[in-house]
Amino acid sequence: KGKGKDKGPTPGRSVEGVETIGEEFVGTIKSFNAQKGFGFIECADLKAVYGNDVFLHHAQLGEFEVGSTVQFAAFLNQQGKPQAKELKDMGSAPKKAKTEAAAIEDVAVEAAAVEAALEQVLS
């Protein structure tokens, strides 16, 4: 028999209680194969650290589809790669949820404003 060929989606292992590597990642579902039962979320923050997209098991897909922008928690699966759980629609996600890159950009903008104000005071 082939390894996993044409078996269809496998039932998911429980992802309850697994240790997460973060709760407020944001990404876009870039692919999903219903026959194989999995897809991937594109998330720049996790890709920068782990080198690949985030695995998405069919048990976590819910009502989302390819192209949906979602907020999600992530954990490292048995292969040591990021896997998504607890997907939320960005429309219902908390406003405080930001990507790390966006948070860094906010800090940089704030620092530039402080620097400009300080230059005015000192000159």
Side-chain angles (χ1 to χ4, degrees):
K1 288 188 171 187
K3 292 187 177 190
K5 276 194 168 186
D6 302 322
K7 289 185 183 177
T10 57
R13 290 188 182 94
S14 174
V15 294
E16 296 302 313
V18 295
E19 187 176 338
T20 61
I21 54 174
E23 302 287 327
E24 296 183 345
F25 293 106
V26 176
T28 302
I29 300 174
K30 78 180 234 182
S31 65
F32 192 82
N33 184 320
Q35 289 177 319
K36 292 184 178 181
F38 67 87
F40 293 93
I41 297 174
E42 188 170 345
C43 174
D45 291 339
L46 287 171
K47 193 168 195 168
V49 175
Y50 297 98
N52 44 341
D53 292 318
V54 182
F55 183 82
L56 176 61
H57 189 271
H58 70 89
Q60 299 297 316
L61 183 64
E63 77 273 8
F64 300 107
E65 54 192 36
V66 172
S68 297
T69 298
V70 294
Q71 178 184 337
F72 60 96
F75 64 97
L76 295 181
N77 62 22
Q78 290 180 320
Q79 290 78 35
K81 296 181 179 181
Q83 182 169 334
K85 71 174 197 165
E86 300 170 8
L87 274 66
K88 298 177 190 164
D89 188 332
M90 280 305 294
S92 63
K95 295 294 181 208
K96 67 178 185 140
K98 290 187 173 191
T99 65
E100 186 177 344
I104 290 169
E105 186 177 321
D106 288 351
V107 170
V109 167
E110 191 174 316
V114 169
E115 186 178 6
L118 188 58
E119 282 182 25
Q120 280 188 335
V121 170
L122 294 175
S123 56

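Numbers here simply count residues along the sequence, with the first being 1. Keep in mind that this is a model prediction, so the values were computed, not measured.
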query = Are there more than 12 heavy atoms of other residues, nucleotides or ligands under 6.0 Å from atom NZ of Lys81?
reply = no
Shortest non-hydrogen contact from Glu23 toward Gln71 = O-NE2, 3.7 Å
query = Side chain of Gln60, backbone of Glu86: donor and acceptor closer than 3.5 Å?
reply = yes
ask   = Do Ile41 and Leu46 touch side chain to side chain, with heavy atoms closer than 4.5 Å?
value = no
request  = Could you tell me whether the side chain of Leu61 reaches within less than 4.5 Å of the side chain of Phe32, counting heavy atoms only?
outcome  = yes
ask   = Aromatic rings Phe38 and Phe40: how do their planes relate, parallel, tilted or perpendicular, breaks at 30° and 60°?
value = perpendicular
ask   = Is Val54 reachable from Val49 through a run of hydrophobic residues whose side-chain heavy atoms are each under 4.5 Å from the next?
value = yes
ask   = Where is the tightest heavy-atom contact between Ala73 and Thr20, given as atom of each residue plus distance?
value = CB-CG2, 4.3 Å
task = Report the C-alpha separation of Lys47 and Glu42 in whole Å, then their side-chain angles, then the decisive distance to 0.1 Å, and conclude whether the side chain to side chain contact (heavy atoms under 4.5 Å, CB included) test is met.
result = CA-CA 8 Å; Lys47 193 168 195 168; Glu42 188 170 345; 5.7 Å; no
query = Does Leu87 share a hydrophobic cluster with Val66, counting links as ILVMFWY side-chain heavy atoms below 4.5 Å and allowing steps through other members?
reply = yes
query = Which atom names give the shortest non-hydrogen contact between Lys30 and Asp53, and what distance separates them?
reply = NZ-OD2, 2.7 Å
query = What is the minimum heavy-atom distance between Phe72 and Ala84, and which atoms define it?
reply = CD1-CB, 3.7 Å
task = Report yes or no: do Phe64 and Leu56 belong to one cluster of Ile/Leu/Val/Met/Phe/Trp/Tyr joined by side chain heavy-atom distances under 4.5 Å?
result = yes
